[in-house]
Each structure stands twice: as structure tokens, then as C-alpha cells.
Amino acid sequence: MKDIELNSQIYYVGVNDRRTDLFENHMELPNGVSYNSYLIVDEKVALIDPVEMGFFGEYLAKIKAILQGRSVDYLIVNHDEPDHSGSVALLAKEFPHMEIVGNAKTFAPLEAFYGPIDNQHVVTDGETLCLGRHTLQFFLAPMVHWPESMVTFEQSTGILFSNDAFGGFGALNGAIFDDQVDIAFYEDDMRRYYANIVGKVANPAMKAIQKLGGLPIKMIAPSHGLVWRGNPGWVIGKYSQWGQHVGEEGVVIAYGSMYGNTARMAEIVAQGIADAGISAIRVYDVARTETSFIISDIWKYKGVILGACAHYGNMFPNMSRLVHDLGHFKPQNKVFGLFGGMSWSGGGLLALAKWAEGAGVTLVSENVEVKGAPSRKEDAERLYKLGQTVGHAVKDNH
Ligand code: FEO
């Protein structure tokens, strides 16, 4: 396989994972994911961000092919989550003199996962490590994505090894650089990654972006997804937009329905939104679309309408999962509407309304509950009006 260089002596040695169905065992990966790793070959050799344990054989072969018998002097562990740190102990066995570089918070979780770690090299915020021509500088980026997270900046080339920040889902299909690909293909998976991983810690992520603002960054090399060589400003702009909760014009309807009546209600609501002049309307059955996709579109658009049938006095079970996650991610600057279906007990809409009150979301229309099917004219009118009201609020940038 041909070596992939980011710059002279800086190599991409990451791997594609096209076989894991669920990231963190709960988010679908229809396009796979990459675990990016980088090798700097200088007077000293540094390896930045290892890969998931199951890919160690392929990963080590890439490293050895470049090193031609040399060893690794430093392993930079920007983040302890096992999708990256999984091969730390295996690398330490392979290169027994290698120093493992992390910060004061890196090693306790690492040893909890993998047992005692020898050759610990603790760095502080802003500290540098000279490799020869290249000098690494470390910046703490707590909570992007875990408390020990940090990023590494290579001073001579201006490459920021940003770990989870600026990453995305989606394996890398041949090319690794943004200027080689159709970015539109990767954008949805990038936003889904942001909304479900980084979005939970959007404020620390924004702080980290601001902290790094003074660095002369020429390239961003994250630990998942594309390397931003041609236009790093594009991904920085996207992170800023998402981090500031700037929603696009559009409405997401997510509904849970047992026998199709709440689904029919969603269709009427959608008509109302369309007639308000909104063209981007996304309708999801929460029992059929995995939550991370819905969260991603909720992050993208300004309007959200949730509808749940009753289920033993509560809301439809998959809707509970969605609102649980929404409570974590706290998307802001949204306009919400709610509807529900009931038969003998009710409770679906009531539970949604309680959640909305606790979450502090902005409801711009009266909640609509329908008994049985939405076949009565007055019920259809109330649902249509709900859609129209939310649609107009989005249009008017409420
Ligand atoms: Fe890609 Fe938080 O690990």
C-alpha cells in the first residue's frame, strides 16, 4: 500500500472500520468510521493517537512498513476512549522503550482500562516536545470529549492533531483529505457525529476552538474522518455554527405510533408545515430510525415537532429514548410543538409536555391530543394548525 503523507515525514497510518455495526454499541454506522493515527518520523519518532484494538494487526503493519526497523520513541495519547486507546498496551509491548505522553488526567483511566503503564511522560498545557525538525505542543481540551482530552499542535507545519474535535463518522473512501472528496457526502455523517458526541459538550468544544484561535493552523488532522488540508476554515465554521446552535430553516417531525393513528397525525402536521412555506421537512418514525440520525437533524433545523401515542400511561417507548437524549444534548434556539394519540388511557402527550417543561424548550403552539384516529374534521384542523404555527415560527425566525 502506498504511504500517505500529510507533509514530509508526517504519515497517515489510520484504519477504516467497516464492520462495527454500532459505534459505542448504540449508534449505527452505515458508512463505517475511521480511526485516524499519524506517524512523525524525525530524529525521534512519534505516533499520535492509536486505534481501536481490533485493528491492531493492520495498524502495526502500516507503522512497520514506514519505520523500516526503527522504533517508536513517543506515543501521544490525546484521549483515553478505547476507540483510540485500545491499542496502547499492545504498542507498549511492541516498542518497550516508547514513552507514553499524556497529561495529569490521562494515566488513571488508561491504567483502569489496560493495567499498569510504564514509561509515563506527563505534559502540561502549552508544553512542547522536540522531535528534531518537528516540535509538538500540547493543549488541554477538557471534555472534548472526556476530561483528559487534549490536542497536539505541530509547530513547523501548522498541523493540529485535534483528536475527536473536527471529526466525523464515515470511513475514508480512498482519499483522506477534504480537497480530494465530495464533502457533501461526508457532511451528514460529520454533523451526526458532532450532534451525538461533541454536541453534548458543545460549550467546552467552543472554548477549545477559541483557545486554539491564536495558533497558525494550516491543517486539521482529527482522529475520525477527513483531514482538513484544503479548507480547514470550513470545518471550523461548521463547528462554530453548530456550537452556537444556529439552526437552518426546516422542521423535524418525530413520532411514535403503535397502530398508525399517530403516524396519520404526523402526516397532517407535515401538511401544515409545508403550507407555511417550509421546504425542508423531515419525518421520522422513532421506532424505525435510530436516535442518532434524528438528533442530528434536530441539531440542523430550527423547528421540532414531537408526537407520541400513549403507552401504559406514558409515551411510546422509543420516544422516551429520543427525549432522554435530547435532554442530554440540550439543543437551543429551537421552536417546538407537541401532539399525541390516545385510546383508553392517554398519557403520551402528558409525558411529552412534562418533559418539555423540564427541558425548558419553547412551545409555540397549543399541544394537540387526539383520541383514536385523526378522522374528525376538528382534530385534523388542530393538527394542521399545529404544523402551520410551528412552520410560521420557523419562517419568522421566532
Ligand atoms: Fe473517538 Fe471520544 O473517542
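Just so it is clear, the structure is predicted and the values come from calculations on it, not from any experiment. Each ligand, and each atom within it, is numbered from 1 in the order the structure gives. Computed over heavy atoms, backbone and side chain alike; hydrogens, waters and symmetry mates excluded.
Residues that satisfy the salt bridge (charged side-chain N to carboxylate O under 4.0 Å, His left out) test with Asp125, not counting sequence neighbours, are Lys211.
A donor-acceptor contact shorter than 3.5 Å links the side chain of Glu52 to the backbone of Gly54. Under the 3.5 Å distance criterion, the side-chain polar atoms of Glu154 are matched with a main-chain donor or acceptor of Thr135. When atom types are taken as modelled, the side chain of Asn36 and the backbone of Gly225 share a donor-acceptor pair closer than 3.5 angstrom.
Counting only protein atoms, the N, O or S atoms lying less than 2.8 Å from atom 2 (Fe) of ligand 1 are His79 NE2, Glu81 OE1, His145 ND1, Asp164 OD2, ordered by chain and residue number.
Atom 1 (Fe) of ligand 1 is closest to atom NE2 of His224 (considering only N, O or S atoms).
Between Lys302 and Glu249 there is no salt bridge, since none of the side-chain N atoms of the basic residue sits less than 4.0 Å from a carboxylate O of the acidic one.
Other residues, nucleotides and ligands place no more than 12 heavy atoms under 6.0 Å from the NE2 atom of His324.
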